[in-house]
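All ligand and atom numbering here is 1-based and tracks the order in the structure. All residue numbers refer to positions in the sequence shown, counting from 1. Hydrogens, waters and symmetry mates play no part in the numbers below; they use all other heavy atoms, side chains included. Given the structure is predicted, the values throughout are model-derived calculations rather than measurements.
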Amino acid sequence: MQPTVSLTQDQIDFYHQNGYLALPSITSADEVAWLRGIYDRLFESRAGRERGDQFDLGGADEEGKAAVLPQILTPVRYAPELKEGLFRVNALQVARQLLGPDVIPQGEHAIFKPPRYGAPTPWHQDEAYWGEQMLYNSFSMWIPLQEATLENGCMQFIPGSHRGEIVPHHSIGHDVRVHGLEMDLPPDASKAVACPTPAGGCTIHQNRTMHYAGPNRSDVPRRALIIGFGIKPIPYSGPPRDFYWNKMKQTAREERAKAATATTKNPT
Ligand code: NI
């Protein structure tokens, strides 16, 4: 399959200048419908729950309680057909244009915002979730599977924030049972740029870009598929840093992941 998207030099420059970029189309309408079917099936069947791959990003993730921000890590593990597709071919083309020929895929996930009560994704920098020992040059491509609007929680960015350091974060609501992180000090909201995006379009943000997505106040689910790309990380050699907020976490997701790994290693 050949890519159907190619960035202009202006778009490439915009990304490096601002740390984000919005594209009107990364895949076809037919493929969006196909992706939506897979997506709904994975959430409805609670795929990955036992392994800790499906959990509530915004809550304590207790059994029997509706998740406010359900997330699935590595959905392709539960739907191998996601390995194919125009969105992937185009995403790789965009990644090569933004970061060069050595770019590699770096993780993917799906975030579902249920209608009317889907929680906001608070202001954060993605690198705050990762190890402080490594230096990253990567981006996440966020693909909504329906139109993303201010009402249902489209992405918002602080232009230029990718040039700063990682600021202190904490678990959402200062609850260490919650996987999701938020910045201790939210940025000046007047500097935020909201990016309403058509279904099958995308936004792209760098690993340090401050970003936020509002709650879903609409009557329809807000589905987003997120795929990451980057240059292979190198050891971090900047000023000392400590992402202590990750060491404080005690999430049910991690417990399930650990239990699943233990079972795999010791099948008895
Ligand atoms: Ni993020």
Can a cation-pi geometry be assigned to R222 and F112, taking NZ or CZ under 6.0 Å from the six-membered ring centre and within 45° of the ring axis? no
Taking NZ, NE, NH1 and NH2 as the nitrogens, is one of them in E255 or K258 under 4.0 Å from a carboxylate oxygen of the other? yes
Should the pair D53-R77 be classified as a salt bridge under the 4.0 Å nitrogen-to-oxygen rule? yes
Has H205 got an N/O/S atom less than 2.8 Å from the Ni ion (ligand 1)? no
Nearest to the Ni ion (ligand 1) - the N/O/S atom of D126, by atom name: OD1
Per residue H124, nearest N, O or S atom to the Ni ion (ligand 1) is named NE2
Please walk me through it: do D30 and S28 pass side-chain hydrogen bond (donor to acceptor under 3.5 Å, both in side chains)? CA-CA 5 Å; D30 282 353; S28 66; 5.5 Å; no
